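For reference, positions follow the sequence shown, starting with 1. All figures in this text were calculated on a predicted structure; none of them were measured in a lab.
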Amino acid sequence: MNHLTDPELDSAVESTFDLDAIAYKAERAAGRRLARTQGLSDAEALRRTLQLSAGQAGLAALVTQRQALREAESARDAARAALRAGAKAKHDARHGAAHDAGQPGGLDARPRAWRAWFDGSARPNPGRCAIGVLLRGPDGAAIELAQAAGHGDSSDAEYRALIALLETALAHGAIDLAIHGDSQVVIGDVTGPDANAAPVLRAYRDSARALLARFERVSLRWVPRHKNGPADALSQRALLPAESDAESDPELEPTADADHKPQRTA
């Protein structure tokens with residue numbers, strides 16, 4: 001059985017492994033300085049530098065240790081990449097791979113998808129509530145809702161608007177729906193984990209989730225208010241005082257259902 005001496009072992013290690021690959025930055029810099037001052041080749045200068053780093057353990061032990069560290073780091077990098085890929089897959093599955101401009105007329109890569117925008121308003125807050133909903137079918141036809149929605153605060157109004165949107169979309173046969181709203185509270189509540197849900201909004205959340213589960217594909221995305229203008233205008237219109245409506249149309253009957261019917265326009 002052959003036994004290599006330390007110099008022979010170090011030489012075998014050097015021929016097998018790329019010492020530059022396992023050397024630290026400071027060691028490579030020290031090796032270059034040694035090469036300049038001693039007139040050595042870069043490879044020889046680096047070998048001597050690493051031998052100093054190895055100390056009594058020897059160069060072979062240092063190489064083995066550095067190789068193990070590199071393999072462990074590579075394994076960690078692979079695990080992190082797998083986690084990122086899994087998180088992205090879950091995100092795409094939940095929110096859809098299509099990119100929508102966030103306003104009526106925006107492009108959508110899902111040809112059967114309905115696009116929808118909702119807004120709820122309370123005046124004062126809390127006070128009278130109103131909702132605005134705009135749905136656009138795959139053929140471009142629009143459905144608008146502008147309705148009074150009882151009393152409550154802005155979160156009540158926003159949730160009621162979302163629920164009205166979902167009920168209207170289902171009633172018109174939508175199975176693929178991309179929803180947009182400017183309420184971070186409601187969107188965060190309905191899409192977030194149960195542990196973070198607001199107890200006071202639980203009934204709304206349960207209703208909205210039950211409706212969302214009835215679609216084959218659905219996404220819910222927050223947009224800034226300026227990209228939710230049409231839905232906001234509809235909710236504001238529904239907040240107009242009843243006397244203003246009566247002045248504009250003397251024959252308007254002041255019944256609770258007068259403004260509650262969806263309007264479909266081409």
| request: Could you walk me through whether Asp156 and His151 pass side chain to side chain contact (heavy atoms under 4.5 Å, CB included), step by step? | output: CA-CA 8 Å; Asp156 292 317; His151 286 73; over 6 Å; no

| task | Go through the steps to decide whether Leu19 and Val63 satisfy the test side chain to side chain contact (heavy atoms under 4.5 Å, CB included), and finish with yes or no. | result | CA-CA 8 Å; Leu19 296 183; Val63 169; 4.0 Å; yes

| Between Arg112 and Asp176, is a salt bridge (charged side-chain N to carboxylate O under 4.0 Å, His left out) present by the stated rule, with each step listed? | CA-CA 6 Å; Arg112 293 191 304 155; Asp176 186 354; 5.5 Å; no

| said: Let's go through Glu73 and Arg70 carefully: what are the C-alpha distance in whole Å and the side-chain angles of both, what is the deciding distance for salt bridge (charged side-chain N to carboxylate O under 4.0 Å, His left out) to 0.1 Å, and is it a yes or a no? | reply: CA-CA 5 Å; Glu73 184 177 357; Arg70 289 183 64 190; over 6 Å; no

| Leu170 vs Phe215, side chain to side chain contact (heavy atoms under 4.5 Å, CB included): CA-CA, chis, key distance, verdict | CA-CA 8 Å; Leu170 287 168; Phe215 293 90; 3.5 Å; yes

| request: Report the C-alpha separation of Leu50 and Leu46 in whole Å, then their side-chain angles, then the decisive distance to 0.1 Å, and conclude whether the side chain to side chain contact (heavy atoms under 4.5 Å, CB included) test is met. | output: CA-CA 6 Å; Leu50 291 177; Leu46 180 59; 4.2 Å; yes

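Note that CG of Asp194 is 10.0 Å distant from CG of Asp189, once rounded to the nearest 0.5 Å. The structure places CD1 of Ile22 at 10.5 Å from CZ of Arg28, a figure rounded to the nearest 0.5 Å. Here the straight-line distance linking atom CG of Leu135 with atom CG of Leu166 works out to 9.0 Å at 0.5 Å rounding. To the nearest 0.5 Å, the span separating CG on Leu40 from CZ on Arg36 amounts to 12.0 Å. Residue Gln38 holds its CD atom at 11.0 Å from CD of Glu44, rounded to the nearest 0.5 Å. Separating the CG atom in Asp232 from the OG atom in Ser235 is a distance of 4.5 Å, to the nearest 0.5 Å.
There is no path of hydrophobic side-chain contacts, each under 4.5 Å, that joins Ile131 to Ile163. Linking ILVMFWY side-chain heavy atoms closer than 4.5 Å, directly or via other members, places Val200 and Val190 in a single hydrophobic cluster. In terms of hydrophobic clustering, with Ile, Leu, Val, Met, Phe, Trp and Tyr side chains grouped at heavy-atom distances under 4.5 Å, Leu220 and Ile175 are assigned to different clusters. Under the 4.5 Å side-chain heavy-atom criterion for ILVMFWY residues, no single connected hydrophobic cluster contains both Tyr24 and Leu52.
A 6.0 Å sphere centred on CZ of Arg214 holds no more than 12 heavy atoms belonging to other residues, nucleotides or ligands.
Looking at every heavy atom in both residues, Leu62 comes nearest to Ala54 through CB-CB, 3.8 Å. In terms of heavy atoms, Ala122 sits closest to Cys129 at CB-SG, 4.2 Å. For the residue pair Ser183 and Glu158, the shortest heavy atom distance occurs at CB-CD, 3.5 Å. Contact between Ala161 and Gly132 at its shortest, heavy atoms only, is CB-O, 4.4 Å. Residue Pro224 comes nearest to Asp182 through the heavy atom pair C-CB, 4.2 Å, listed as atom of the first residue, atom of the second, then distance. The two residues Ala130 and Leu239 make their nearest non-hydrogen contact at CB-CG, 3.6 Å.
The cationic group of Arg160 does not satisfy the cation-pi geometry with Phe118, failing either the under 6.0 Å distance to the six-membered ring centre or the 45° limit from the ring axis.
Between the side chains of Tyr159 and Arg205, no donor-acceptor pair is found at a separation under 3.5 Å.
Among the candidates Arg66, Arg47, Arg48, Arg33, the single residue satisfying the salt bridge (Lys or Arg N to Asp or Glu O under 4.0 Å) test with Glu27 is Arg66. With Trp114 as reference, Ile143 is the one residue of Ile143, Ile179, Val218 to meet the side chain to side chain contact (heavy atoms under 4.5 Å, CB included) rule. Asp119 pairs with exactly one of Arg237, Arg225, Lys227 by the salt bridge (Lys or Arg N to Asp or Glu O under 4.0 Å) rule, that one being Arg225.
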